[in-house]
Amino acid sequence: MTARERTDFIRDIIDEDLRTGRHQRVATRFPPEPNGYLHIGHAKSICLNFGIAQDYGGTCNLRYDDTNPTKEDVEYVESIEADVRWLGFAPTAVLFSADYFPRMYELAEKLVTDGKAYVCDLDDEQIRVYRGSLTEPGKPSPWRDRSVAENLDLLRRMKAGEFPDGARTLRAKIDLESPNMKMRDPLLYRIRHAHHHRTGDGWCIYPMYDYAHPLEDAIEDITHSICTLEFENNRELYDWVIEHTGVSAGKVAPHQYEFARLSLDYTMMSKRKLLLIVQEGHVSGWDDPRMPTIAGMRRRGYSPEAIRAFADLIGVAKANSTVDVGKLEFCVRDDLNASAPRVMAVLRPLEVEVTTYDATGEVIDAPYFPADVGKPGSRPVPMARTIYIEQDDFQAEPEAGYTRLAPGRTVRLRYGACITCDEVVRDADGAIVKLRCSHHAESVGGKPPADGRKVWGVIHWVAADSSVPVEVRLYDRLFKVARPDDGDFRDNLNPGSLEVITGARVEASLATAAPGSRWQFERLGYFAVDTVDSKPGALVWNRIVTLRDGWAKKDEVAAPAVEKKASARAATRPKSKSPAEYRAEARVRDPELAAAHDRALAKGLTAEQADLVSGDRDTMTWFDAASAVATPGSAARWLINEVPRVAEGRELNALPFDGAALGALVQLIDAGTITGTAGKDILAELAKSGGDPVALAKSRAPAADAGALAAIIDDVIAKNADKAAQYRAGKTGLLGFFVGQVVKAAAGTADPASAKALIEQRLAAG
RNA sequence: UCGGGGAUCGUCCAAUGGCAGGACGUCAGACUCUGGAUCUGACUAUCAUGGUUCGAAUCCAUGUCCCCGAACCA
């Protein structure tokens, strides 16, 4: 990767895993199901998984998650690998889930033997009913308690093909009452007498995703299994499968991490709906240049570099978000600006006769790149008496702000001379058919016309005789609304997403442009030779993206603000209990807690504090122990506000110290023996490795006296003279910075409150 | 018996108790043989309300809003 450092929460986790020695290597995987073409959302995932492997010198497998033979196809398998490689990544290995079917089945028998899975005869409708709902527990299948021997026999007969599709399933025996629906005896195998693209008719039972995926990861020794947010609920089952099959025994098991998948406005990412768009003929195929597929973007002319830059730009996080398509277009332009040679083409030609021009065979040597790009190369551009300019570049009655050609006005022909419009030739209907212009021969080479007349602008052109006629396809976004999924996507298709221009002309040098090559047509945009329909002598060009255009922008209708979708679900769904309700209920159930609540109140705690220290047994015990030694109010404050910070998610009873130790610490602070800041330091130490707070307090350096403190402060101010100046100039927010620096420099011997006062004083004095 | 996640400029992502920062975008200017590029400047944010703290986007509490989960899909 470049010098720019990439960070995201997943790389943070990896850094931590490497630091602590949990892993010595990094192994990821990209696991698409071969049931469609890859799209820009997959590109994000590919860049993440392969990018991590590159950054950490690890491995990344391309693994087809082909566990459902009825939806998958070799066409997709081939397109996926091609897309991954085109994006610039080389899989460490290309693998298929189906190749693990024997091992998976073996482990399924082990689960059965261990009494952790059973064969269920319920049909799909019954299973759904038995599973319960989001708010109600499920109930056990009547087949849940079959003997191991019977289960094993039935499983083997399932595998042998003795039963029809849907007759039986293999289910994990977990917990029908789990609040996580995924844990309510999930299906492991279903019967499918179907031909598999890879295993043929070798199997008639196929593993479910939730069973197959963790095993695949474990078998491949994946360390970090990265997937999208909707699998968060599946993680518990992922871990269950690995633990109970023992597939990772003796090794470090893979762990699943979830990130937010990409949403792009004006774009649809659902594979199912993308398939419909193709099937219903709204586009020409999966690789139609309007499609958000990698194949479509490739054909459109997007480069792999641009797509990778986009993935970097948008980052990786856990918040659902919708990225502005403008960011993708920025990446595409940014890449092309530096890489695409400049040439000239006229989309809608307007004939211009340069009446004063009679040279023949004149050829202009025009550079491929402007000076600011600084790349070498040029091509010959023939001039002629008859040329074409863009119809848009002439207005018979120029509107305000128009800076191009008009009657009597002079403009420069790009790379050539300036011309002045002398005459507009119209047909019988008054339509403009051609222009007659005179030219200023002395103005070639960027020089101004000799008579000092104003040059309004620079326009592009091609010679009439030597330019070549081509077809140009102008693409716009496929959907006319930012959220095509609101309602039926078919209603939201942009009818103008493709405009075919047949009368366009490109300069002579482009006659042999290679399919797939990318160029900038000056002042128009970036274009690529179509790789499918273009033929020598009959070129077809795709517009990749327009140039950024400040003038055109003014005509553009402001995009309507994206309206927030009203949440029908939020209104109808039952509201979850709040923690406060849980605590109150716990006290109703448990008289000990109720008593603790009264006790806390009696000790003078506020109602809120009393509530918080009596919601569960652990907290109650801690508070009782702490308040036995320290002032109850202080004990409660520290327990409520400070302990959770250092616990970093651990339960109280998992901490290496207890309520009594907390009490002892708080007592020292109450008594003024140590400062609150020192107390926080000691608390952090306790949380890390336990110990005796009194001893820890004693071992600390004594508080700095006023003189020592002043010396530290002066030193910090001297070292940060620029910041001090900014502070004095009014950036008072920097006070916190100085306090932080001083506290750090004093290694805990300074009391921040008094330090702060002293710093303010010194800063003002300076 | 509901559970799991999430909320920071218009947009996307940072800041792991100490200067709210970057990019896209927008606006203004400079420059320009592309109304491009480049450069300069400006713009705009911590969901709300309390609390803890010398100091809170960050810790605690209460509330609000959003997403996911009840395929023999992945």
Side-chain angles (χ1 to χ4, degrees), chain A residues 7-8 12 31 33 35 65 67-68 71 123-124 127-128 131-138 165-166 169 177-182 184 187 189-192 206 208-210 213 229-236 258 260 265 313-324 326-327 330 333 337 342 370-373 403-404 412 414-416 446 455 457-460 520 522-524 547-552 561 564 567 570 574 576-580 608 611-612 637 640-642 644-645 676-677 680 723 726 731 733-741 743-744 751-757:
Chain A
T7 62
D8 54 66
D12 288 347
E33 183 188 14
N35 66 345
D65 221 345
T67 57
N68 186 352
K71 293 169 71 178
D123 65 28
D124 52 354
I127 286 177
R128 199 168 68 239
R131 188 148 35 210
S133 74
L134 294 176
T135 50
E136 285 164 43
D165 286 2
T169 57
E177 299 193 1
S178 169
N180 182 355
M181 299 292 293
K182 289 278 175 320
R184 319 245 261 227
L187 270 59
Y189 273 92
R190 77 287 217 186
I191 301 172
R192 279 262 202 287
Y206 291 93
M208 302 290 292
Y209 167 86
D210 281 311
H213 205 88
L229 247 31
E230 68 268 26
F231 292 101
E232 276 177 322
N233 295 303
N234 302 57
R235 190 174 59 230
E236 191 179 357
E258 310 88 11
D265 54 15
L313 182 71
I314 60 175
V316 178
K318 291 202 74 163
N320 282 310
S321 57
T322 303
V323 175
D324 176 4
K327 288 187 172 63
F330 164 80
R333 287 192 185 103
N337 177 49
R342 272 61 170 178
D372 55 81
V373 173
T403 63
R404 292 163 274 169
R412 177 177 296 283
R414 178 77 163 146
Y415 303 118
V455 178
V458 180
I459 63 172
H460 58 272
Q520 183 192 110
E522 290 206 55
R523 303 209 308 126
L524 293 174
L547 252 24
R548 212 166 145 266
D549 183 354
W551 171 253
K564 285 283 177 197
S567 172
S576 297
K577 278 196 198 55
S578 69
E608 185 184 311
D611 174 28
L612 289 169
R637 263 203 312 279
I640 293 166
N641 293 310
E642 301 302 336
R645 167 180 285 284
T677 308
K680 284 182 194 174
K723 296 247 160 56
Q726 286 175 37
K731 192 166 178 182
L734 283 169
L735 184 56
F737 164 78
F738 280 108
V739 176
Q741 291 297 305
V743 168
K744 203 171 143 197
D751 168 47
S754 41
K756 185 182 182 180

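This structure is a prediction, so every number in the text was calculated from the model and none was measured. Every chain is numbered from 1 and lettered A, B, ... according to where its sequence line falls, protein lines coming before strand lines.
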Is there a donor-acceptor contact under 3.5 Å from the side chain of A:N180 to the main chain of A:N233?
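Yes.
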If we ignore hydrogens and angles and just use 3.5 Å, is the side chain of A:R184 paired with the main-chain N or O of A:S133 as donor and acceptor?
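Pair found, side chain donor or acceptor close to backbone of A:S133.
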Could you check whether [X] gets within reach of a base, just the sugar-phosphate, or nothing at all, counting any heavy atom under 4.0 Å?
X	value
A:L547	base
A:F231	base
A:D123	base
A:R414	base

[X] [atom1] to [N] [atom2]: how many Å, rounded?
X	N	atom1	atom2	value
A:N337	B:rU32	CG	C1'	13 Å
A:L229	B:rG5	CG	C1'	6 Å
A:R404	B:rU34	CZ	C1'	12 Å
A:D165	B:rA71	CG	C1'	15 Å
A:N234	B:rC68	CG	P	14 Å
A:D265	B:rC24	CG	C1'	12 Å
A:R412	B:rG35	CZ	P	12 Å
A:I191	B:rA71	CD1	P	19 Å

Whether [X] contacts [N] is assessed here as follows: a side-chain N or O lying under 4.0 Å from the phosphate OP1 or OP2. Is that the case?
X	N	result
A:R548	B:rG35	no
A:N180	B:rG3	no
A:R333	B:rG36	no

Does B:rA71 adopt a syn or an anti glycosidic conformation, taking syn as a chi angle within 90° of 0?
syn
Quick one: salt bridge (Lys or Arg N to Asp or Glu O under 4.0 Å) partners of A:K318, sequence neighbours excluded?
A:E232, A:E258
Who passes salt bridge (Lys or Arg N to Asp or Glu O under 4.0 Å) against A:D8, sequence neighbours left out?
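So A:D8 forms a salt bridge (Lys or Arg N to Asp or Glu O under 4.0 Å) with A:R11.
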Please write out each protein N/O paired with an N/O of nucleotides 47-51 of chain B under 3.5 Å, distance rounded to 0.1 Å.
from: B:rG51; atom 1: N2; to: A:N641; atom 2: OD1; distance (Å): 3.2

Among A:D123, A:L187, A:D124, which one satisfies side chain to side chain contact (heavy atoms under 4.5 Å, CB included) with A:T169?
A:L187
From A:T67 atom OG1 to A:H213 atom NE2, the distance as rounded to the nearest 0.5 Å:
10.0 Å
Any chance you could measure A:E608, atom CD, to A:I640, atom CD1, to the nearest 0.5 Å?
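CD1 of A:I640 is found 7.0 Å from CD of A:E608.
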Go along nucleotides 8-23 of chain B 5' to 3' and tag each nucleotide: B for a protein heavy atom under 4.0 Å from its base, S when only backbone or sugar atoms are that close, - otherwise.
---BSSS-BBBB---S
Not counting sequence neighbours, which residues clear ring pair (Phe, Tyr, Trp, His ring centres under 6.0 Å) with A:F231? List them please.
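With sequence neighbours excluded, A:F231 shows a ring pair (Phe, Tyr, Trp, His ring centres under 6.0 Å) to A:Y209, given in chain and number order.
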Could you give the distance separating B:rU58 and B:rC19 at their C1' atoms, to the nearest angstrom?
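Those two atoms are separated by 16 Å.
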Residue mapping more 5' on RNA chain B - nearest nucleotide basis, A:Y209 or A:L524:
A:L524
Tell me, which stems hold RNA chain B, with a stem being 3 or more Watson-Crick or G-U pairs in a row and both distances under 3.5 Å?
B:2-7 with B:64-69, B:10-13 with B:21-24, B:25-30 with B:38-43, B:47-51 with B:59-63
Is there, by distance only and without an angle test, a donor paired with an acceptor across the side chain of A:R637 and the base of B:rU52 below 3.5 Å?
no
